[in-house]
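Atom set for the values below is all heavy atoms of this structure, side chains included, hydrogens, waters and symmetry mates excluded. Worth saying up front: this structure is predicted, and the values here are computed from it rather than measured. Lettering follows sequence order; numbering is per chain, from 1.
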Amino acid sequence: MIEIKDLHKSYKMGSNSLHVLKGINFSVAEGELVSIMGSSGSGKSTLLNILGMLDEADEGSYTLDGVPIKNLNEKIAARYRNKFLGFIFQSFNLISYKNALDNVALPLYYQGIKRGERIDKAMSYLEKVGLKDWAGHLPNELSGGQKQRVAIARALASDPKVLLADEPTGALDSKTSYEVMNLIQEINDEGRTILVVTHEPDIAAMTKRIVNLKDGRIIQDTPVNQVRALQNV
Amino acid sequence: MFDLERWEEIFETIRKNKLRTFLTGLSVASGIFILVVLLGIGEGMRNGISQEFQNDAANIMYVYTGVTSKEYKGLNPGRRIQMKNEDFNYTALKYQDDLEYRSSIYRIWNGIVNFGKESGSYRVEGVYPDYQFLENSGMLEGRFVNYKDHDNFEKVVVVGNKVRNDLFKDSKDPIGEYVQISGVNFKVIGVFTDPGGEREESRVFMPLSTAQRVFGGGNNIANMAFTLEPEENFEAALAASTRFSDAIEDQLKETHTIAPDDESAISINNSLENAKRFFDLMDMIKFFFWGVGICTIIAGIVGVSNIMLIIVKERTREIGIRKALGAEPLSIVGMVLHESIFVTAIAGFIGLIASLLLLEFVGPLIETQYISNPAVNFNVALTTVFILVLAGAIAGFFPAWRAARIKPIVALRDE
């Protein structure tokens with residue numbers, strides 16, 4: 001599903017440049033649930049941004065579902081993001097003046113789907129995350145866990161190949177975190193590929209594989225025995 | 001533009017952000033409102049001043065005489081100058097190709113006019129038939145005096161509308177009735193109206209020859225009035241009338257032995273020269289109002305630009321979210337512009353309609369001498385609305401474009 005070969009990325013900081021990713025080789029098969037771990041400055045966010053086409057690599061190749069991702073202009077990047085990727089952010093990033101249902105329907109708007117169909121689809125995803133009764137509520141009327149579940153429904157709405165979650169539980173207490181991780185596991189059980197960036201070992205333990213990053217290199221890439229989140233709730 | 005989905009998206013944004021929409025709209029609506037009202041008042045002042053000039057034919061010249069102030073060729077100062085028929089006939093003949101209308105006037109003092117038991121004191125004047133056009137008078141009933149009356153010394157009068165109302169009340173048809181002026185019977189042949197109003201309508205005209213003969217005027221005349229043939233433009237007309245008035249003045253001074261530099265003996269009131277002063281003033285007023293109006297528009301544009309900047313800044317994070325979800329840069333720019341054009345256009349038209357309603361309903365109530373019927377050229381008002389909308393769009397475009405270029409990851413970091 002994801003193929004990365006010899007990926008380099010550096011940022012220019014005035015006269016000196018900062019080499020953040022120093023040759024990453026990494027692949028993810030369909031249906032995997034991978035966590036990317038590392039301390040801050042290890043390059044895990046940069047890697048996720050490149051995977052999410054929010055940023056471009058200097059060197060190396062990136063293939064997503066057989067499509068080479070390179071020399072993207074903004075327009076094509078936007079289209080690929082819409083088609084291939086679903087984002088889940090630490091700070092939820094819901095649009096504050098839209099209710100839960102309209103937030104979930106937004107990616108579908110950019111796919112050019114008609115309003116009626118959009119609403120139906122969005123409602124079914126909200127139901128899937130257990131928030132059907134909250135469809136008409138604005139984000140500030142929802143709890144943190146509910147907001148993240150709306151965000152997950154939104155990420156799923158465009159039926160992406162890969163879900164990218166950047167610290168999805170970073171702003172939540174542990175009970176809510178486990179509920180969210182349970183939802184992520186259930187989605188993965190249905191066969192969807194998911195990448196989770198986290199620095200919490202207990203969250204990483206709930207995935208099927210841990211990739212450890214340090215100073216721009218992968219130092220460890222091991223499959224783990226998945227801990228089901230439901231047991232901790 | 002006609003994408004229904006886009007419209008739904010815009011309406012939702014507007015509905016959920018009422019304050020923002022209201023503020024944008026307010027600055028546009030008030031700008032347009034102020035501009036249109038200002039232009040309307042300017043136009044009203046123009047109308048008011050123009051009306052002051054409708055009383056007489058716009059290019060009329062009045063010649064009247066006074067007392068000499070300078071000794072000349074052995075004659076003492078203090079002589080009263082009396083114009084004669086010959087003065088008029090000479091001028092009328094000499095300039096017959098240049099003149100449009102001409103008349104001399106013989107004024108009868110103490111013009112007490114009686115009809116039955118009613119009587120009143122009015123200005124009674126002997127005039128030539130052209131005088132109707134020099135005075136801009138219109139006939140309500142009957143006719144004005146004509147050359148035949150003049151040649152036959154007919155004892156006929158044309159009375160002003162006010163005179164008719166005073167003497168005949170409303171009940172009688174005045175045409176064919178006889179009125180007495182200083183005890184002499186005159187047949188009423190017409191009733192005239194004058195744009196100058198009641199003051200001008202409380203006059204009585206009779207043929208010049210009759211007036212001179214009946215009231216012992218000999219061949220004396222009090223005034224002469226002329227208009228020149230129309231010229232192509234105002235400047236040419238002004239030059240011609242100045243030339244003509246100078247020529248008559250010289251001629252009269254020579255005939256009546258008046259010092260060439262005597263200012264008080266002969267006076268010529270050239271209404272074109274007066275008009276020029278007023279037209280200049282009116283142009284100044286017009287420039288002033290346009291100046292103020294354009295400044296208002298600029299202030300409006302600055303206001304709209306500021307609000308657009310704030311809106312885009314405020315929406316940076318939202319734009320980042322939309323981009324991460326697959327919005328193309330152009331669709332972001334389109335969304336921002338679509339909303340801003342829609343809001344400014346609606347607000348602009350609200351301001352326009354409000355100001356037009358104000359001018360329409362309050363305008364006619366303004367009863368001063370110098371403002372009358374304030375109105376505004378609809379096309380001008382419409383153009384300013386479009387200019388404001390366009391300015392708002394351009395002002396919104398650059399921040400929107402910049403926001404659309406920001407990497408989503410940067411926009412999302414924006415707290």
Side-chain angles (χ1 to χ4, degrees), chain A residues 45-46 48-56 72-99 101-119 138-139 151 154-160 164 166, chain B residues 1-24 310-336 338-339 343 400-415:
Chain A
S45 289
T46 307
L48 193 78
N49 290 343
I50 291 171
L51 291 175
M53 298 177 222
L54 300 173
D55 210 342
E56 248 188 293
L72 295 180
N73 65 28
E74 285 256 20
K75 198 174 163 178
I76 295 170
R79 200 172 298 156
Y80 282 1
R81 276 198 293 272
N82 187 257
K83 207 164 92 179
F84 292 135
L85 302 170
F87 288 94
I88 301 163
F89 302 96
Q90 177 176 1
S91 50
F92 323 126
N93 281 332
L94 300 174
I95 291 176
S96 58
Y97 62 83
K98 284 176 179 286
N99 65 29
L101 185 67
D102 287 337
N103 262 293
V104 175
L106 198 58
L108 300 170
Y109 168 70
Y110 288 113
Q111 283 185 345
I113 292 172
K114 292 269 166 275
R115 185 168 179 83
E117 196 185 338
R118 229 157 58 206
I119 295 300
L138 291 175
R154 182 178 66 182
L156 286 173
S158 59
D159 193 19
L164 298 174
D166 187 7
Chain B
M1 201 63 184
F2 298 102
D3 182 356
L4 200 65
E5 303 286 317
R6 169 83 71 76
W7 279 107
E8 279 171 11
E9 192 62 21
I10 304 269
F11 279 130
E12 192 187 350
T13 313
I14 288 173
R15 224 173 19 246
K16 302 280 171 62
N17 297 281
K18 288 197 180 76
L19 182 67
R20 187 172 84 194
T21 309
F22 174 75
L23 288 177
T24 317
I310 293 167
I311 287 177
V312 170
K313 183 83 197 140
E314 186 192 289
R315 296 181 78 174
T316 303
R317 192 182 173 82
E318 180 196 333
I319 288 169
I321 298 169
R322 284 175 184 271
K323 287 188 79 177
L325 295 180
E328 293 168 11
L330 264 183
S331 97
I332 299 288
V333 175
M335 177 184 74
V336 173
H338 198 157
E339 186 190 326
V343 171
W401 180 247
R402 211 179 52 212
R405 305 288 314 175
I406 297 177
K407 291 206 153 95
I409 200 72
V410 177
L412 286 174
R413 222 179 281 141
D414 180 79
E415 288 293 343

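- Listed here is the closest heavy atom pair of A/Leu94 and B/Ile321: O-CD1, 4.0 Å.
- Ranked by heavy-atom pairs under 4.5 Å with chain B, the first of A/Arg79, A/Arg118, A/Glu74 is A/Glu74.
- Between chain B and the residues A/Asn93, A/Ile76, A/Asp55, the largest count of heavy-atom pairs under 4.5 Å involves A/Asn93.
- Atom NZ of B/Lys323 is separated from atom CG of A/Leu54 by 9.5 Å, given to the nearest 0.5 angstrom.
- Considering only heavy-atom pairs separated by less than 4.5 Å from chain B, the leading option among A/Lys83, A/Arg154, A/Gln111 is A/Arg154.
- Residue A/Ile113 touches chain B through its backbone alone, counting heavy-atom pairs closer than 4.5 Å.
- Summarising the geometry, atom CD belonging to B/Glu12 is positioned 7.0 Å from atom OH belonging to A/Tyr97; distances are rounded to the nearest 0.5 Å.
- Side chains of B/Arg322 and A/Ile95 form a contact here, defined as non-hydrogen atoms less than 4.5 Å apart.
- The two residues A/Asn82 and B/Gly326 make their nearest non-hydrogen contact at CB-CA, 3.7 Å.
- The two atoms that bring B/Ala327 and A/Ala78 nearest to each other are O-CB, 3.5 Å, heavy atoms only.
- Of all the heavy atoms in A/Phe89 and B/Ala324, the pair that sits closest is CZ-CB, 4.1 Å.
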